[in-house]
Amino acid sequence: MVAGAAPASAVDTRLPEVVKDVAYAPAQPANSKGHLLDLYLPAGGEARPLVIWTAGSAWQRDDGKSRADSFASLFNAKGYAVAGVSIRSSSQAQFPAQVHDFKAAIRFLRANAAKYRLDPKRFAYMGDSSGGWTTQMATLTGGEESLEGDIGTTGQPSNVQAGVAFYGISDLNKLGGGGGDTPQEKLLGCALTVCKEKAAQASPITHIDKADPPLLLLHGQGDTLVNHEQSVMLYQALKASCRETQFISVPGANHSMNDVMNPSRFGQQTGYTVNNCKETVSNGSPNPTWDHIIGFLNTALGTGGAQPRDHG
């Protein structure tokens with residue numbers, strides 16, 4: 001059972017529709033998987049909100065749609081469609097290609113919203129590690145023409161209305177490097193000592209503006225791969241800009257969703273929330289569960305009877 005999942009009695013038993021290996025753009029390079037997505041669609045004919053997922057791999061794999069199946073049924077039971085989206089690896093293309101990829105996937109999903117019964121006004125992005133970076137970039141770069149690219153479907157907006165980032169990377173220049181062989185330098189295609197400006201462009205923290213929708217950050221204080229400070233910095237920057245955000249900081253948790261969401265840690269975390277430029281700090285709550293994440297999305301997207309937040 002996925003950590004934090006709802007009890008079986010609360011799960012809708014109707015079978016969802018699963019559509020595998022949909023090409024949202026031509027393969028590049030040939031026979032690669034970076035332009036494929038999988039769809040998990042709940043039963044029913046109405047237009048559903050969508051959660052787009054990309055898994056982390058230190059930007060080294062092109063199978064980011066993997067693992068969407070591990071939680072898709074939970075979201076389907078709550079009325080959400082799920083799309084697992086793959087983007088190219090750093091060995092196949094360098095930044096900003098990965099941003100062009102996920103934006104192409106979002107445009108494709110919007111263009112095909114009627115076909116897949118999606119609500120094009122209620123898209124959210126979610127991912128972990130480098131997929132958390134993808135989430136943060138997707139959430140914070142809506143409307144930035146310089147990062148749009150021309151891959152695949154065009155003529156559709158590539159913004160999302162909410163984001164959920166597990167232990168994402170917010171500032172590449174703070175990750176270190178210099179020899180050119182770290183994951184972040186392979187993403188950039190250059191050593192950080194000589195391409196700080198490009199690293200800044202690839203850093204979500206530099207893209208915060210007043211159009212940004214709500215973003216939920218989750219990070220373990222014991223993370224040995226992506227320093228907890230990466231989420232602290234982004235949260236502080238979002239707070240300074242009065243953006244709608246929440247940060248759940250979990251003591252002891254390492255670089256794993258199961259660890260961050262482990263029930264044995266419930267009550268130990270600290271929750272930081274910014275709403276209308278006011279910060280609320282809660283010791284021991286909220287628990288980092290799927291129910292909490294879905295509740296956050298319900299509020300951000302105005303689904304499940306919740307009223308959407310003002311994103312302006």
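Note: hydrogens, waters and symmetry copies are ignored here, and every other heavy atom, side chains too, is used.
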Is the backbone of Gly295 close enough, under 3.5 Å, to the side chain of Thr299 for a donor and an acceptor to pair up by distance? yes
With a 4.5 Å heavy-atom cut-off, do Gln60 and Pro183 have their side chains touching? yes
Applying the ring-ring contact (aromatic ring centres under 6.0 Å, His included) test to Trp53, which of Phe71, Phe75, Tyr125 qualifies? Phe71
Give the other cluster members for Leu140, using side-chain heavy-atom distances under 4.5 Å between Ile, Leu, Val, Met, Phe, Trp and Tyr residues; answer none if it is isolated. Ile205, Ile208, Leu215, Leu217, Val232, Met233, Leu234, Tyr235, Leu238, Phe247, Tyr272, Val274, Val281
Residue pair Thr182 / Glu185, side-chain donor-acceptor N/O under 3.5 Å: yes
Side-chain (Lys33) to main-chain (Ser86) donor-acceptor, under 3.5 angstrom: no
Quick one: does any side-chain atom of Thr206 pair with a main-chain N or O of Ala202 as donor and acceptor, under 3.5 Å? no
Apply side chain to side chain contact (heavy atoms under 4.5 Å, CB included) to residues Leu297 and Val164 and explain how you reach the verdict. CA-CA 9 Å; Leu297 293 176; Val164 178; 3.9 Å; yes
Please state whether the rings of Tyr24 and Phe108 are parallel, tilted or perpendicular, taking 30° and 60° as the class boundaries. tilted
State, with a plain yes or no, whether a side-chain heavy atom of Arg265 is found less than 4.5 Å away from one of Pro251. no
So does Asp63 pair up with Arg61, basic N to acidic O under 4.0 Å? yes
More than 12 heavy atoms of other groups within 6.0 Å of Lys174 NZ: no
pair Lys186-Trp59: side-chain heavy atoms closer than 4.5 Å: no
Heavy-atom check, side chain of Pro288 versus side chain of Val250, under 4.5 Å: yes
Are His219 and Ile248 packed together at the side-chain level, in the sense that at least one heavy-atom pair is separated by less than 4.5 angstrom? no
Sidechain N-carboxylate O distance under 4.0 Å for Asp209, Arg243: no
Side-chain (Asn76) to main-chain (Tyr40) donor-acceptor, under 3.5 angstrom: yes
Flag for His228-Ser249: side-chain donor and acceptor within less than 3.5 Å: yes
How long is the span from the CG atom in Leu192 to the CG atom in Leu175, to the nearest 0.5 Å? 7.5 Å
May I ask you to decide whether Arg88 forms a salt bridge with Asp62, counting only side-chain N to carboxylate O separations under 4.0 Å? no
Report the C-alpha separation of Leu187 and Gln98 in whole Å, then their side-chain angles, then the decisive distance to 0.1 Å, and conclude whether the side chain to side chain contact (heavy atoms under 4.5 Å, CB included) test is met. CA-CA 9 Å; Leu187 173 73; Gln98 291 72 22; 3.4 Å; yes
Can you confirm whether the side chains of Thr224 and Asn254 place a donor and an acceptor under 3.5 Å from each other? yes
Between the side chain of His35 and the main-chain N/O of Ala27, is any donor-acceptor distance below 3.5 Å? no
Any side-chain donor-acceptor pair under 3.5 Å between His292 and Gln246? yes
For Ser129 and Gly56, indicate whether the former's side chain and the latter's backbone hold a donor-acceptor pair under 3.5 Å. no
Interatomic distance, OG@Ser203 vs NZ@Lys196, rounded to 0.5 Å, equals 10.5 Å
If you define the side chain from C-beta out and look only at heavy atoms, does anything of Gln201 sit under 4.5 Å from Glu144? no
Hey, does the side chain of Thr154 reach the backbone of Asp150 with a donor-acceptor pair shorter than 3.5 angstrom? no
Results of salt bridge (charged side-chain N to carboxylate O under 4.0 Å, His left out) for Lys65 - residues two or more places apart only: Asp21, Asp38
Donor-acceptor check, side chain of Asn287 to backbone of Phe266, threshold 3.5 angstrom: yes or no? no
Taking the six-membered ring for Trp, are Tyr167 and His255 parallel (under 30°), tilted (30 to 60°) or perpendicular (over 60°)? tilted
Side chains of His100 and Lys103: does their closest heavy-atom pair fall under 4.5 Å? no
Hydrogens and angles aside, do Thr289 and Asp291 bring a side-chain donor and acceptor to less than 3.5 Å of each other? no
Report yes or no: does Gln184 contribute a side-chain atom to a donor-acceptor pair with the main-chain N or O of Gly177 at less than 3.5 Å? no
So, Ser170 versus Gln136: side-chain donor-acceptor pair below 3.5 Å or not? no
Are any side-chain N or O atoms of Glu279 and backbone N or O atoms of Asn275, one a donor and one an acceptor, separated by less than 3.5 Å? no
Contact check, side chains of Leu109 and Leu118, non-hydrogen atoms, under 4.5 Å: yes
Find out if a path of hydrophobic residues (ILVMFWY) with successive side-chain heavy-atom gaps under 4.5 Å connects Leu36 to Val82. no
Whether Arg48 engages the ring of Tyr80 as a cation-pi pair (distance to the six-membered ring centre under 6.0 angstrom, angle to the ring normal within 45°) should be assessed. no
Quick one: closest heavy-atom pair of Ala165 and Gly132, and the distance? CB-O, 3.8 Å
